[in-house]
Amino acid sequence: MATELAKAYDPKAAQERFLREWEDKGYFRSDPDGRKPFTIVIPPPNVTGALHMGHALNNTLQDVLIRWRRAQGYNALWMPGTDHAGIATQAVVERLVFAQEKKTRHDLGRDELVRRIWDWKGRYEARILGQLRQMGASCDWRRTRFTLDDTCARAVRETFFRMFRDGYIYRGKRLVNWDAHLQTSVADDETYTEDTKGGFWTFKYPVNGVTDTYIRFSTTRPETMLGDTAVCVHPNDERYKSLIGKTVTIPLNGRTIPIIADGQLADPELGTGCVKVTPAHDPNDYACWQRHPEIGIINILNPDGTLNDAGGEFKGMDRYKARDAVAKKMEELGFFEGKEDRVVPLKYSDRSKTPIEPLLSDQWFVRMGDRDDGKPSLAQMAMDAVTSGRVKFFPERYKDGYLAWLGEKRDWCISRQLWWGHRIPVWVLQRTWQTDDEYKWHPELVEKIAKWKQEGRLDSKDTEDDVMVDRMLVCVRDEGDTEVTEALEKFGFFRRDPDVLDTWFSSALWPHSTLGWPEPTPEVKYYYPTSVLCTSRDIITLWVARMVLTGLYNLNDIPFHHVYIHAQLQDAFGERMSKTTGNGIDPLDIIERYGADALRFQMVALAGDTQDSRVAVSNVCPHCDTLVPIKQEHLKGRTKKLACPNCKKPFRPGGPWTSDDPELMTAKQASERFDQGRNFANKMWNATRFLLLNLDGYTPGPVDVAALPTEDRWLLSRLATTTKEVTAALEAYKFSEVARLVYDFVWSEFCDWYIEMSKGRLKDPAAREPAQRVLAGALDGILRLVQPVMPFVAESLWQALNEAAPERGLPAPAKAEESVCIARWPAYPDAWIDAGVETRFARMQELVRGVREVRNRYQVDDKTRLDVAVKCADAVAADFNVLAAFIGPLAGIANLTAGPNTAKPKQAGGIVRPEFEAYVPLAGLIDPAAEAKRLEKQIADKRKALDAIRAKLANEKFVSGAPPEVVQQQRESAADLEKQVAALEENLKDMQAA
RNA sequence: GGACGUGUAACUCAGCGGUCCAGAGUGCCCCGCUUACACCGGGGGAGUCGGGGGUUCGAAUCCCUCCACGUCCACCA
């Protein structure tokens, strides 16, 4: 006697038990061997905090692929890890430190801040990996990497060195968002724009050589006039055409600057149609300067926001003071034309809440574009990999964005003015030209550098820049090469670049750095290129493109064959889920309430090939467990207290805001969408439970498929079809299809029909044995199919089944694997797929449904029901002898023993079931008027359909143009409809008579 | 401004040229404590497939256009 299962599935118990068991058994470990590899590298989550629903989706899909391929016999490796996420992490920790100790990073110093971040990383990485485990992610945890660990650091330095040596990395100027208060640059996503009161001044510059001619322009920042290097008009603007090429003089300092034409910068419709150009302090003007480098570029600001030497008499003045002073001076000189107050959008630093200044600074870049020295363009390489089909996108449309972005070939700025990250391995020697005579490069060092360069231990380049500085840049290949680094440090005029690398620089190497590159490890050889990368579309450019690029550059091979882009999750209002908006859900909340299987099932179910998917979020009332849907007005912290509509008690909506009232309980978050997955797990649990209760006397043995009764052959046909379709769906990354196929087969076919039909057979000694074998064999297949999506419930049931029927399977039994995680993916003979059997079975289903409908609709007694069944059964006479045994029970009739019935007695007040041409006496059981109305509607609907088909069939083009099977099928439909309409009309007559 | 996506039953979505006289789950109405499951079973009602135009023998499905919503990118002297 097998152990009896509990009445309902308990996800928590299963998760606890099997997470440990799987880990202990090491099922998910992978090492290179003779099998074919299947590899996925995880998109490393940021160590900034916790995983959200987007991660749940992303990782579930990867796990489905990994588990499925593992079952197929591949050596499957899912490489886990996390990302140091430079700016985001440093900002989080800085905020925390400031909140707790009122200290800024400058108070702590670089080393201490970095140490604090490492502490933070230790805690949050553990939490994130824990969440992944809870979801059942079958990663090889021994291989967990971090983008800032030693292995990854090695790859970063090697890549940087090679790119530096090959001339792909260069030092250049770029405008950054400068926070003058914190004296640091901030990333675009660390700024916000706010409408701010400001001025809108209009001035004029005198045009040289033309008397009494001025050029007028407007600005919101008059002080930048000190850094103007041109004024610009549209080339087609008739008003200024004659002035192009002439010069103007800036009255403030007497500098002469040209009037240039640039269609991209000047808009004749706006303002005066003329713009001043300050390349060093405005992004657009900077872009203009890049198109017209001859105009020059002048930086007027010091890092603290005061004016530098270029400010002339305004030098040392704060930029805001200078703004008024400059405007005043212009007015005194007579070049002021007017000022209006205006609200302008102004960029602020999120960190200091002070206005951003665009500031020119030294940055490192990776050259993406074409080169004239014959070396390949990195962007072009990455584009070719996709256009040639070596890297394929699923869905394919996403490749357009990838190609368009790379096609711009914009150089990649890789330096960040941060402390948390890979430091740029470059030492800088500089000498200013003013002191040229007094100062030379140290000859001993220069000699050493030349030698080391020869040996490949470093590379060096000389550069000049516009502020009269001459530099030697020395890139060190290996920081552990102390002979080199110490020598460099010894000559004090070297300083190491304080910047760190963009976090994407290290993530770009992820597919090979995690495998140990640049070491020639067995892993790199075996697992690279990886099989598929699974991510969402927002980082196709930032991440995917760069992985392709570095993979090709470093290993001369693509990093992955496929890129699967899944949907982005949104809330019920179509807005992106995020912690700060308060519409996000913690996957652990869902796991706790619904189980990991339910979470996973739903994630798979919503992964269609659309680009967005919505999940409505509800708060769970902490008092009475009612689900309270979140409304739009609750978001963004606007609502801090909600009353439960059920128990009326107050609670705080789930989200990141602190409550004003610490006593107020916080709601967990949930969504009714997960009911389906939870219920499905329970359904399978109970189907197995039923089987185990009926497995007494089970003996393993082969089944002769051809000799099996119709219902068995139907089930096997459906099982074989479903297995095939699920496999095909997985191959095509159609995840929602996988969920649908499995769900429908298990619930609507296996449970609703086959199990119901087996109930009678299990009581019949002769039929019991094959029924048990088919049931056990089918369930075995089902669990294998379900395992990638819902591993916990699958494993629970697999192991329970292992106790009762360790040898099972179709058509012949075999010893089952000890865990469903290592069970082979099923495959059944195509010969099992039998359209004839399926058609006959479908007729039987229609019949049973027809009988049920009559019963329910008309509240008829058993005798009438039996009558209906017997008469309807004529319609499936061919199978009646086989299936009659089921029709009665399935239709809820105690005994159905009558044989085929050919007589069709008729009496007023009956109903014809048109599908089966059977007449049922119903006198007194129905309301004739209501029934007549219903029939009229049905007749009208069917007539309409019939007319449409007749019109089609009358059309010669259709008959000759459409595929023959379609024409044939339409003919059959028409005949069918005709019969039905006739039967219904007969019915209607009866109703009207009665 | 550009690119992409979405708009199908009250809700969430599937279907993406004929196999759909339009499907599923939830919710709704009726019946059912039938010995796997009330996280259940059976039945029912519910949609002019966002609007308009076109291509086609045939359109929810392809094209154009408009409307609404969303995401990303660019830009706003």
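Any value given below was found using the heavy atoms of this structure, including those in side chains, with hydrogens, waters and symmetry copies removed. Residue numbers begin at 1 in each chain, while the letters A, B, ... track the order of the sequences.
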Next on the checklist: Side chain of Asn682(A) only, heavy atoms from C-beta on: which candidate in C37(B), G42(B), C13(B) is closest?
Outcome noted: C37(B)
Send over the distance from [X] [atom1] to [N] [atom2], rounded to a whole Å.
X         : N      : atom1 : atom2 : value
Leu741(A) : G25(B) : CG    : P     : 15 Å
Asp744(A) : G25(B) : CG    : P     : 8 Å
Glu853(A) : G41(B) : CD    : C1'   : 17 Å
Asn686(A) : U35(B) : CG    : C1'   : 13 Å
Asp752(A) : A24(B) : CG    : P     : 13 Å
Phe690(A) : A38(B) : CZ    : P     : 15 Å
Gln568(A) : C72(B) : CD    : P     : 7 Å
Arg410(A) : C73(B) : CZ    : C1'   : 9 Å

Checklist entry - With Lys759(A), which of Glu756(A), Met757(A), Arg761(A) fulfils side chain to side chain contact (heavy atoms under 4.5 Å, CB included)? => result Glu756(A)
Applying the Watson-Crick and G-U wobble criteria at under 3.5 Å, what pairs with [N]? Answer none if nothing qualifies.
N      : value
A38(B) : none
U19(B) : none
G27(B) : none
G70(B) : C4(B)
A14(B) : none
A60(B) : none
U55(B) : none

Would you indicate what [X] reaches in the nucleic acid, counting non-hydrogen atoms under 4.0 angstrom: base, sugar-phosphate, or nothing?
X         : result
Trp747(A) : sugar-phosphate
Cys232(A) : nothing
Glu756(A) : base
Arg678(A) : base
Thr688(A) : nothing

Checklist entry - Does some side-chain heavy atom of Asp228(A) sit less than 4.5 Å from a side-chain heavy atom of Asp285(A)? => result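 The answer is no; the side chains never approach within 4.5 Å.
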Checklist entry - Can you tell if the side chain of Val854(A) reaches within under 4.5 Å of the side chain of Val851(A), non-hydrogen atoms only? => result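 Val854(A) does not reach Val851(A) side chain to side chain.
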Under 4.0 Å between a side-chain N or O of [X] and OP1 or OP2 of [N]?
X         : N      : result
Lys763(A) : U35(B) : no
Lys276(A) : A77(B) : no
Trp405(A) : G2(B)  : no
Arg852(A) : G43(B) : yes
Lys7(A)   : C39(B) : no

What interatomic distance, in whole Å, is found between [atom1] of [M] and the corresponding atom of [N]?
N      : M      : atom1 : answer
C13(B) : G70(B) : P     : 15 Å
G50(B) : C11(B) : P     : 13 Å
G41(B) : A24(B) : P     : 14 Å
C39(B) : G5(B)  : P     : 42 Å

Checklist entry - Which sits closer to the 5' end of RNA chain B, Asp282(A) or Ala605(A), going by the nucleotide each is nearest to? => result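 The 5'-side residue here is Ala605(A).
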Next on the checklist: By nearest heavy atom, map Phe680(A) and Lys759(A) onto RNA chain B; which one lands nearer the 5' end?
Outcome noted: Lys759(A)
Item to check | Ring geometry between Trp685(A) and Tyr9(A) (parallel below 30°, tilted from 30 to 60°, perpendicular above 60°) | outcome: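 Tilted, since the angle between the ring planes falls between 30° and 60°.
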Next on the checklist: Could you check whether Glu846(A) pairs with Arg849(A) (Lys NZ or Arg NE/NH1/NH2 to Asp/Glu carboxylate O, under 4.0 Å)?
Outcome noted: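 Not counted as a salt bridge, because no side-chain N and carboxylate O are separated by less than 4.0 Å.
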Next on the checklist: Taking the basic N atoms (NZ, or NE/NH1/NH2) and the acidic carboxylate oxygens, is any pair closer than 4.0 Å for Asp282(A) and Arg221(A)?
Outcome noted: yes
Next on the checklist: Thr224(A) and side-chain hydrogen bond (donor to acceptor under 3.5 Å, both in side chains): which single residue from Glu357(A), Arg323(A), Lys276(A) fits?
Outcome noted: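 Of the listed options, the one satisfying the test is Lys276(A).
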